[in-house]
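A short worksheet on the structure shown next.
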Amino acid sequence: MRRRTAAVLVVVVAALAAACQRPAPRPAPTPTPTGPRAPADVVDLATVDPSIRTDIRYATAHNFVGRPIDGYPEPLCLLTRRAAEALHRVQAAALARGRSLKVYDCYRPQRAVDEFVAWAKRPDEQQMKAEFYPDLPKDRLFADGYLGAPTAHSRASTLDLTLVPVPTPGQPDYTPGQPLRPCTAPAGDRFADDSVDMGTGFDCFDPRAHTADVRVIGAARANRELLRELMTGEGFENYPREWWHYRYVDEPYPDTWFDFPVARSSLR
């Protein structure tokens, strides 16, 4: 009986000793946001240069589709750090010329591009035609190069932007259903954007939006040339069919199209 009791005590002591040597249990992992995440070098532009203005149209109803686009839960400009830091240098040069940058779109998720493709196949959805493509049939938007799939925007180093005066005037809010004005109209007759006159509005699907269109003269021509000078001086190149579209040439992901949402929760 004594031997059995001693044996039991030995087993208990050994078990207690082993338990003391076990590592403490780890805390439960913090839940991560649903959906894909951005690479570590993708940033919110506002953290690199908060002076650059933003007017992220695809997070609103004021775009050629007429509703907020899938993948834009927040009105943010997300870019690779390399492109964002280059844009910061552009902003410094612009401010020295009495202008500021304003971005309309930056990184664009693949799901947004997929929505554009699906929208283009629905001929009855043309509620924004009078503003964004007043003189072009909807079925020509992809064929004429105004929309593309895939797009360089999904690589996170391409953006759409303009110049605004300093100080910058106020801009009226867009109200869904309000009367539309052609993007090709003179500056005083189209949507009252706070941009300097660029000859057309943003996302204007018309040959007059081509950067070097000969019909754009005077102040509008000078403004386009200034934007191109500032952007190319820091390593961006323009897409000739759109005065607002620039790609950072030394982009870190030239062969990758991302699909993480435009949201702070996508960033690492």
Side-chain angles (χ1 to χ4, degrees), residues 55-58 62-67 69-72 77 79 83 103-163 180 182-185 190-191 193 195 198-217 220-221 223-225 227-229 231-232 235-249 251 253-259:
D55 185 4
I56 307 300
R57 295 288 183 85
Y58 298 145
H62 192 202
N63 56 63
F64 62 89
V65 176
R67 61 177 178 270
I69 303 303
D70 188 22
Y72 286 82
C77 173
L79 289 171
V103 294
Y104 293 114
D105 190 38
C106 300
Y107 158 73
R108 183 182 306 164
Q110 182 59 43
R111 69 191 72 183
V113 179
D114 294 342
E115 183 170 351
F116 293 162
V117 172
W119 169 83
K121 296 177 180 178
R122 295 192 288 265
D124 294 338
E125 291 189 24
Q126 300 202 47
Q127 61 266 38
M128 303 300 285
K129 176 177 172 58
E131 178 173 352
F132 292 97
Y133 50 108
D135 302 317
L136 186 72
K138 181 180 177 180
D139 61 8
R140 296 299 307 171
L141 295 181
F142 274 92
D144 288 1
Y146 295 107
L147 294 176
T151 174
H153 280 277
S154 298
R155 304 197 298 258
S157 293
T158 292
L159 69 156
D160 298 332
L161 79 169
T162 188
L163 295 169
L180 300 177
C183 59
T184 54
R190 55 183 184 260
F191 177 76
D193 193 331
S195 170
M198 288 291 191
T200 74
F202 164 63
D203 258 2
C204 189
F205 303 144
D206 187 275
R208 280 164 283 196
H210 296 182
T211 308
D213 189 90
V214 296
R215 290 167 291 181
V216 178
I217 59 176
R221 166 67 63 186
N223 289 329
R224 289 187 185 189
E225 290 301 324
L227 180 61
R228 182 159 58 180
E229 173 190 337
M231 293 295 286
T232 57
F236 291 88
E237 68 175 4
N238 174 244
Y239 175 52
R241 289 179 178 269
E242 298 174 344
W243 59 258
W244 54 83
H245 179 116
Y246 283 84
R247 179 183 70 89
Y248 189 59
V249 176
E251 58 181 314
Y253 301 105
D255 301 310
T256 305
W257 287 264
F258 297 108
D259 192 38

What residues, two or more places apart in sequence or in another chain, satisfy ring-ring contact (aromatic ring centres under 6.0 Å, His included) together with [X]?
| X | answer |
| --- | --- |
| F142 | none |
| H245 | H153, Y239 |
| F116 | Y58, F64 |
| Y107 | F260 |

(request) Answer yes if the side chains of N63 and Y72 hold a donor-acceptor pair under 3.5 Å, and no otherwise. (result)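 Not at all, the side chains of N63 and Y72 share no donor-acceptor pair under 3.5 Å.
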(message) Looking only at the side chains, is there a donor atom on one of T184 and D206 sitting less than 3.5 Å from an acceptor on the other?
(response)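 No, D206 and T184 have no side-chain donor paired with an acceptor closer than 3.5 Å.
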(request) Using side-chain contact (heavy atoms from CB on, under 4.5 Å) as the criterion, list what pairs up with K138, not counting sequence neighbours. (result)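 Expected list: W119, E125, Q126, Y133, L141.
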(message) Using the side-chain contact (heavy atoms from CB on, under 4.5 Å) criterion, which residues pair with C183? Sequence neighbours excluded.
(response)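 side-chain contact (heavy atoms from CB on, under 4.5 Å) list for C183, sorted by chain: P134, C204.
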(message) So, taking the atom named CZ in R57 and the one named CG in D105, what distance separates them when rounded to the nearest 0.5 Å?
(response)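 Answer rounded to 0.5 Å: 11.0 Å.
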(request) First locate atom CG of D203, then atom CD of E131, and finally report the distance between them rounded to the nearest 0.5 Å. (result)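 Here the interatomic distance stands at 9.5 Å.
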(request) Inspect the contact between R108 and D160 and indicate whether a charged nitrogen and a carboxylate oxygen are less than 4.0 angstrom apart. (result)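 Answer for the salt bridge query: yes.
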(message) Looking at R111 and D259, is any side-chain nitrogen of the basic one under 4.0 Å from a carboxylate oxygen of the acidic one?
(response)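 R111 and D259: salt-bridged.
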(request) Determine, using ring centers only, whether Y246 and F236 are less than 6.0 Å apart. (result)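 Ring centroids of F236 and Y246 are no less than 6.0 Å from each other.
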